[in-house]
> 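A single structure is presented below for examination.
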Amino acid sequence: MALSDHPKAYGSAAVAFAFTAGIVVTLGFKDFYPDLERRYQRKRRSRVVPPTANGSAVKLEDHESAPASVSSPTPTGDGLHASPADGIEATIGNTPLIKIHSLSEATGRTILAKAEFLNGAGNSPKDRVALNMIRDAEARGLLVPRRGDTIYEGTVGSTGISLATLARAKGYRAHICMPDDVAMEKSDLLLQLGATVERVALAPITSPSHFVNLARRHAVEHAGKHHDGSRGFFANQFESDANWQAHFNGTGPEIWRQTGGDLDAFVAGAGTGGTLSGVAKYLKEEAKLLSIKIVLADPQGSGLYNKVRHGVMYSPTEREGTRRRQQVDTMVEGIGITRLTQNFEAGRELIDDAVKVTDEQACRMARWLVEHDGIFIGSSSSVNCVAAVTAAMTLPPGSNVVTILCDSGTRHLSKFWKHIKEMGRESEEATDLFSELGIPDIRDEQP
């Protein structure tokens with residue numbers, strides 16, 4: 001007897017067939033749905049933004065569950081795991097941009113800091129510079145891995161540490177000349193990295209004994225002293241274009257992406273001047289943020305503040321013979337200088353203003369950040385933060401200010417942080433940022 005002769009039986013069979021078919025289809029396509037979802041999400045997140053410094057387009061990703069200022073690892077094919085980093089070089093760059101809550105709340109402006117101490121080789125922005133200088137030298141045939149070549153540099157610490165670390169990774173030796181008054185932990189670290197270290201007495205840049213000139217001379221004399229076919233390479237961080245270009249091609253574009261281009265001021269100190277010039281050139285010339293303010297953060301004793309503000313390098317109180325030190329009369333290391341370098345000149349016309357920061361202000365800011373934000377930084381980073389607060393108060397409420405956290409306070413224990421301890425700051429916690437720094441609080445004066 002046919003099913004058509006019994007409508008009820010026919011209907012039951014049809015329902016059973018449809019149910020079975022649904023199960024089969026679901027099981028057959030269960031692995032296909034996640035792939036469709038991943039494709040959709042990747043397509044949804046990607047959007048084109050203005051070009052990078054080399055002309056290629058960059059893409060931004062929206063991660064709704066993560067703050068926009070935090071870099072997320074690039075997903076692999078399964079969308080779950082990041083690809084392994086290819087050696088120590090791969091840990092350089094793409095550092096997070098963090099909001100400093102206490103400074104933002106006190107000023108009514110958003111203070112953001114590029115955490116350059118998280119670069120993975122030498123733990124400072126000098127990782128970018130050292131890597132770029134080495135790559136440039138290799139491209140020109142000045143350095144050849146495993147030939148026994150030596151990289152020579154004059155530095156107060158951070159560049160030397162970055163060079164020494166990368167030298168070990170890439171098959172070179174490092175010979176570092178530095179002033180004898182820098183924190184001992186820096187030269188100790190260099191020695192542990194296998195570098196040859198010369199701590200030399202302070203001398204003016206015109207003297208052959210100046211630490212930079214000494215490094216240059218060692219590089220020239222290398223071949224005559226080592227008859228093994230190896231070469232000496234003088235990195236020359238103060239004058240090498242590879243310095244500012246590292247920040248033009250790396251730090252600047254990263255800041256642009258991490259802020260979505262919504263920033264009103266960039267504040268940084270200058271030692272060689274590479275960070276300030278490279279970032280300024282990218283933001284103003286490449287990203288076309290013409291209204292952004294570029295602000296120099298300068299420690300006491302440095303001549304750059306006066307050069308930016310008044311067009312002359314020295315004030316009467318900073319003329320030769322009045323300083324305790326022959327270089328820059330400050331305990332701050334890494335920034336501040338009394339001459340114009342090629343790197344600083346590369347972006348000098350883009351600098352809009354300068355802020356002078358005293359040693360006491362730097363010490364008080366460092367203590368403030370530990371107490372209120374758990375951020376433990378060195379002297380140059382502290383100067384940057386004081387200047388960022390000062391610059392922020394010249395901008396409308398709600399403005400976004402970006403600065404640089406250069407290195408950790410662990411490299412400044414025997415000098416900068418020792419002085420902070422001697423100030424007796426541990427027993428009392430400051431509650432008013434402006435009175436602590438001696439900066440006028442103009443919030444009540446604004447409409």
Side-chain angles (χ1 to χ4, degrees), residues 45-63 67-72 93-99 104 107 109-116 125 128-129 132 241-270 272-297 304 307-309 341-355 384 387-388 390-405:
R45 287 197 299 262
S46 300
R47 65 182 185 275
V48 178
V49 298
T52 60
N54 62 11
S56 62
V58 296
K59 293 182 179 181
L60 289 180
E61 293 185 351
D62 291 329
H63 299 276
S69 62
V70 179
S71 299
S72 298
N94 295 310
T95 55
L97 186 69
I98 63 175
K99 179 179 179 180
S104 301
T107 61
R109 285 81 173 159
T110 300
I111 309 293
L112 303 167
K114 190 86 163 116
E116 287 292 278
R128 301 175 187 264
V129 175
N132 205 40
D241 287 334
N243 184 338
W244 69 263
Q245 289 169 356
H247 297 290
F248 180 83
N249 292 317
T251 318
E254 289 173 27
I255 290 172
W256 196 98
R257 291 196 299 268
Q258 291 168 322
T259 60
D262 183 15
L263 67 161
D264 302 287
F266 174 71
V267 181
T272 64
T275 303
L276 189 65
S277 290
V279 173
K281 286 175 73 66
Y282 180 82
L283 294 178
K284 280 197 172 183
E285 297 179 350
E286 191 73 20
K288 306 300 182 184
L289 297 179
L290 303 182
S291 62
I292 189 174
K293 289 184 66 176
I294 304 298
V295 181
L296 166 72
L304 298 181
K307 188 66 177 178
V308 171
R309 276 291 190 94
T341 66
Q342 184 168 313
N343 277 279
F344 186 79
E345 286 284 70
R348 180 159 66 97
E349 296 303 317
L350 302 175
I351 302 174
D352 300 291
D353 202 359
V355 175
N384 285 346
T390 304
M393 300 313 294
T394 68
L395 300 170
S399 297
N400 295 324
V401 178
V402 173
T403 191
I404 302 289
L405 298 182

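The figures here come from the full heavy-atom set of this structure, side chains too, leaving out hydrogens, waters and symmetry mates.
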> Measuring only between side-chain heavy atoms, which start at C-beta, is Arg309 closer than 4.5 Å to Asp353?
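Arg309 vs Asp353: side chains touch.
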> Measure across Gly261 and Leu289 and return the closest heavy-atom pair with its distance rounded to 0.1 Å.
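Shortest heavy-atom contact: O-CD2, 3.7 Å.
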> How close do Gly252 and Val279 get, counting heavy atoms only, and between which atoms?
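Of all heavy-atom pairs spanning Gly252 and Val279, the closest is N-CG2, 4.0 Å.
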> Quick check: do Thr251 and Tyr282 have side-chain heavy atoms less than 4.5 Å from each other?
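Counting from C-beta outward, Thr251 and Tyr282 never come under 4.5 Å.
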> Any donor-acceptor pair under 3.5 Å linking the side chain of Asn343 with the backbone of Trp244?
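Yes; judged by distance alone, with no hydrogens or angles, the pair exists.
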> Taking side-chain contact (heavy atoms from CB on, under 4.5 Å) as the definition, give me every residue that meets it alongside Thr110, ordered by chain and number, with sequence neighbours left out.
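By the side-chain contact (heavy atoms from CB on, under 4.5 Å) rule, Thr110 matches Lys99, Ser104, Leu112, Asn400.
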> Please round to the nearest 0.5 Å and tell me the distance separating atom CE of Met393 and atom OG of Ser399.
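So the gap between those two atoms works out to 10.0 Å.
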> Name all residues meeting the side chain to side chain donor-acceptor pair (under 3.5 Å) criterion together with Asp264; count only those two or more places apart in sequence or in a different chain, and write none if there are none.
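If we apply the side chain to side chain donor-acceptor pair (under 3.5 Å) test to Asp264, skipping adjacent residues, there are no hits.
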> Could you check whether any side-chain N or O of Asn132 sits under 3.5 Å from a backbone N or O of Ala242, counting only pairs where one atom can act as donor and the other as acceptor?
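Between the backbone of Ala242 and the side chain of Asn132 there is a qualifying donor-acceptor contact (under 3.5 Å).
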> Rounded to the nearest 0.5 Å, how far apart are OG1 of Thr259 and CD1 of Ile292?
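One gets 8.0 Å once the value is rounded to the nearest 0.5 Å.
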> Under a 3.5 Å distance rule, please check whether Gln258 uses its side chain to pair with a backbone N or O of Thr95 as donor and acceptor.
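At least one qualifying donor-acceptor pair exists.
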> Sub-3.5 Å donor-acceptor pair from the side chain of Arg109 to the main-chain atoms of Leu395, do we have one?
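Such a contact is found between Arg109 side chain and Leu395 backbone.
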> Tell me, which pairs form a salt bridge (charged side-chain N to carboxylate O under 4.0 Å, His left out) where one or both residues lie in residues 243-256, sequence neighbours left out?
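Residue pairs with at least one partner in residues 243-256: Lys114-Glu254, Arg128-Glu254.
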> Testing the basics here: between Gly274 and Thr272, what is the closest heavy-atom pair and its distance to 0.1 Å?
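So the two residues come closest at N-OG1, 3.2 Å.
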> Just so I know, are the side chains of Asp241 and Phe248 near enough to count as touching, which here means a heavy-atom distance under 4.5 Å?
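In short, these two side chains do not touch, never coming nearer than 4.5 Å.
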> Checking Ala387 now: which residues fulfil side-chain contact (heavy atoms from CB on, under 4.5 Å) with it, not counting sequence neighbours?
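By the side-chain contact (heavy atoms from CB on, under 4.5 Å) rule, Ala387 matches Val267, Ala297, Val355, Val357.
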> Which atom names give the shortest non-hydrogen contact between Ile404 and Glu116, and what distance separates them?
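Closest approach of Ile404 to Glu116: CG2-CG, 3.9 Å.
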> Distance check, rounded to the nearest 0.5 Å: Ile351 atom CD1 versus Leu304 atom CG?
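One gets 8.0 Å once the value is rounded to the nearest 0.5 Å.
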> Between atom CD of Glu345 and atom NZ of Lys307, what is the distance when rounded to the nearest 0.5 Å?
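Result: 7.5 Å between the selected atoms.
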> Restricting to salt bridge (charged side-chain N to carboxylate O under 4.0 Å, His left out), what partner residues turn up for Lys293, sequence neighbours left out?
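By the salt bridge (charged side-chain N to carboxylate O under 4.0 Å, His left out) rule, Lys293 matches no residue at all.
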> Locate the shortest heavy-atom distance separating Glu285 from Leu350; write the atom from each residue and the value.
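So the minimum-distance heavy-atom pair works out to OE2-CD1, 3.8 Å.
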> Ala113: which residues meet the side-chain contact (heavy atoms from CB on, under 4.5 Å) condition with it, sequence neighbours left out?
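Counting only residues at least two positions away or on another chain, Ala113 forms a side-chain contact (heavy atoms from CB on, under 4.5 Å) with Ile98, Ile100, Thr403, Leu405.
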> Which value, rounded to the nearest 0.5 Å, describes the distance between Leu276 atom CG and Lys281 atom NZ?
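Here the rounded value is 12.0 Å.
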> Testing the basics here: between Val295 and Ala391, what is the closest heavy-atom pair and its distance to 0.1 Å?
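Between these two residues, the closest heavy atoms are CG2-CB, 4.2 Å.
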